[in-house]
Amino acid sequence: MTTSAITATGLRKSYQDKVVLDGIDLDVAAGTVFSLLGPNGAGKTTTVNILTTLAKADGGSVRVAGHDVDREAKAVRKAIGVTGQFAAVDELLTGQENLQLMVDLSPVGDGKRVVGELLERFELTEAARKPVSTYSGGMRRKLDLAMTLVGDPRIIFLDEPTTGLDPRSRRTMWTIVKDLVADGVTIFLTTQYLDEADQLADGIAVLDRGRLVAQGTPGELKRQIPGTHVRLRFTSVAELDAAARVITGSSRDDDALTLRVPGDGGTKSLRNLLDRLDEYAINAEEFSVHTPDLDDVFLALTGHTVSNSEVAAK
Ligand SMILES: Nc1ncnc2c1ncn2[C@@H]1O[C@H](COP(=O)(O)OP(=O)(O)OP(=O)(O)O)[C@@H](O)[C@H]1O
């Protein structure tokens, strides 16, 4: 049985007469990465603030690490780590001093060793004695996450961890997230990058105007929207002809000797398709399932792209 690290039921929140969260249900399994996707103003930060005890919901219930966020806020805070806003990072201190400060705030066994190990793990040893004001964006984010890890939290909230990072730093951050999850940590990730959710998340929820418009694995979400198809490649026109005759609704590309068969990409429809080819003794040289990416999913579910809504919000 999988245990839930985070559950939210019927979460509601309004600011004045503006409904920001309109009944949100979430269930995040322990030891997984869960990603909340949504355009600007969708309600991601509000959700994170409620889950991390920084804001109170108007309705619904939330349990984090087995504790109720309202009644046992202290226990929730003890179990979680929150990164993203650099709120804890002091620009004037060095990386090492920032980490030491966290150690002093939440005494851990051998503080010096913990600081050293974290600097090493996040490739910050060389810069450890330099003030954070001289750090690059990627180094700051790494330090922010390293500081969060001082207390060894089992659930980590990562708010847009790679926004503005160069590709190399993004990849480093992704590796760090994957390593944490391999250690059994649960990650609640908000991101504006669909490929990031695609890369890292076991489960994704798409938030739009205070409502969840979809929830599932990246694969499930991709299968929900039109555009999923199977591509069959043949070695001769005769075989392509034969396949096109027996597979209704398909479209052919004579130059590439391929047949495109729309479908949901699920096992049942794939089996039907292969059975049909078998029945007519048609042999496909190559068989592949093509699914749309999360950008396509987002557009199909919300009627707008992430980048469009960001431009609109500026
Ligand atoms: N303290 C507040 N008072 C009034 N309105 C607020 C407050 N906090 C958030 N809102 C409004 O609630 C809505 C959701 O905001 P929220 O920050 O949760 O969205 P978001 O999905 O995190 O967006 P972003 O990607 O821009 O951070 C927005 O319309 C915002 O203006």
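Counting starts at 1 for both ligands and their atoms, in listed order.
- Ring planes of F157 and F188: tilted class, angle from 30 to 60°.
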Worked verdict on E117 versus R113 for salt bridge (Lys or Arg N to Asp or Glu O under 4.0 Å): CA-CA 6 Å; E117 278 175 5; R113 187 179 51 83; 2.8 Å; yes

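- The nearest heavy-atom contact from the protein to atom 26 (O) of ligand 1 is N40 ND2, 2.6 Å.
- Scanning both residues, D253 and L240, for their nearest heavy atoms gives O-CD2, 4.0 Å.
- Protein heavy atom nearest atom 23 (O) of ligand 1, with residue, atom name and distance: G41 N, 2.7 Å.
- Put simply, atom 17 (O) of ligand 1 has protein non-hydrogen atoms near it, under 4.0 Å away.
- E160 and K44 make their closest contact through OE2-CE, 4.2 Å (heavy atoms, listed as atom of the first residue, atom of the second, distance).
- Counting only heavy atoms of the protein, atom 7 (C) of ligand 1 lies nearest to Y15 CE1, 3.2 Å.
- Under a 4.0 Å N-O distance rule, the pair D241/R252 qualifies as a salt bridge.
- In terms of protein heavy-atom proximity, atom 19 (O) of ligand 1 is closest to G43 N, 3.1 Å.
- Under a cut-off of 6.0 angstrom, the local environment of CZ in R63 is crowded, with over 12 non-hydrogen atoms contributed by other residues, nucleotides or ligands.
- Regarding atom 25 (O) of ligand 1, its nearest protein heavy-atom neighbour is K44 NZ, 2.9 Å.
- For atom 15 (O) of ligand 1, the nearest non-hydrogen atom of the protein is T46 OG1, 3.8 Å.
- Where the criterion is an N or O separation shorter than 3.5 Å, residue side chain and backbone included, T45 meets it with respect to ligand 1.
- The residues D22 and R211 are annotated as salt-bridged, a charged nitrogen and a carboxylate oxygen being separated by less than 4.0 angstrom.
- Applying the 4.0 Å criterion to heavy atoms of A42 picks out, from ligand 1, the atoms 19 (O), 20 (P), 21 (O).
- For E279, the CD atom counts as densely surrounded, since its 6.0 Å shell holds more than 12 non-hydrogen atoms of other residues, nucleotides or ligands.
- Of the protein's non-hydrogen atoms, the one nearest atom 12 (O) of ligand 1 is V20 CG2, 3.2 Å.
- For atom 31 (O) of ligand 1, the closest non-hydrogen atom on the protein side is K18 CE, 4.6 Å.
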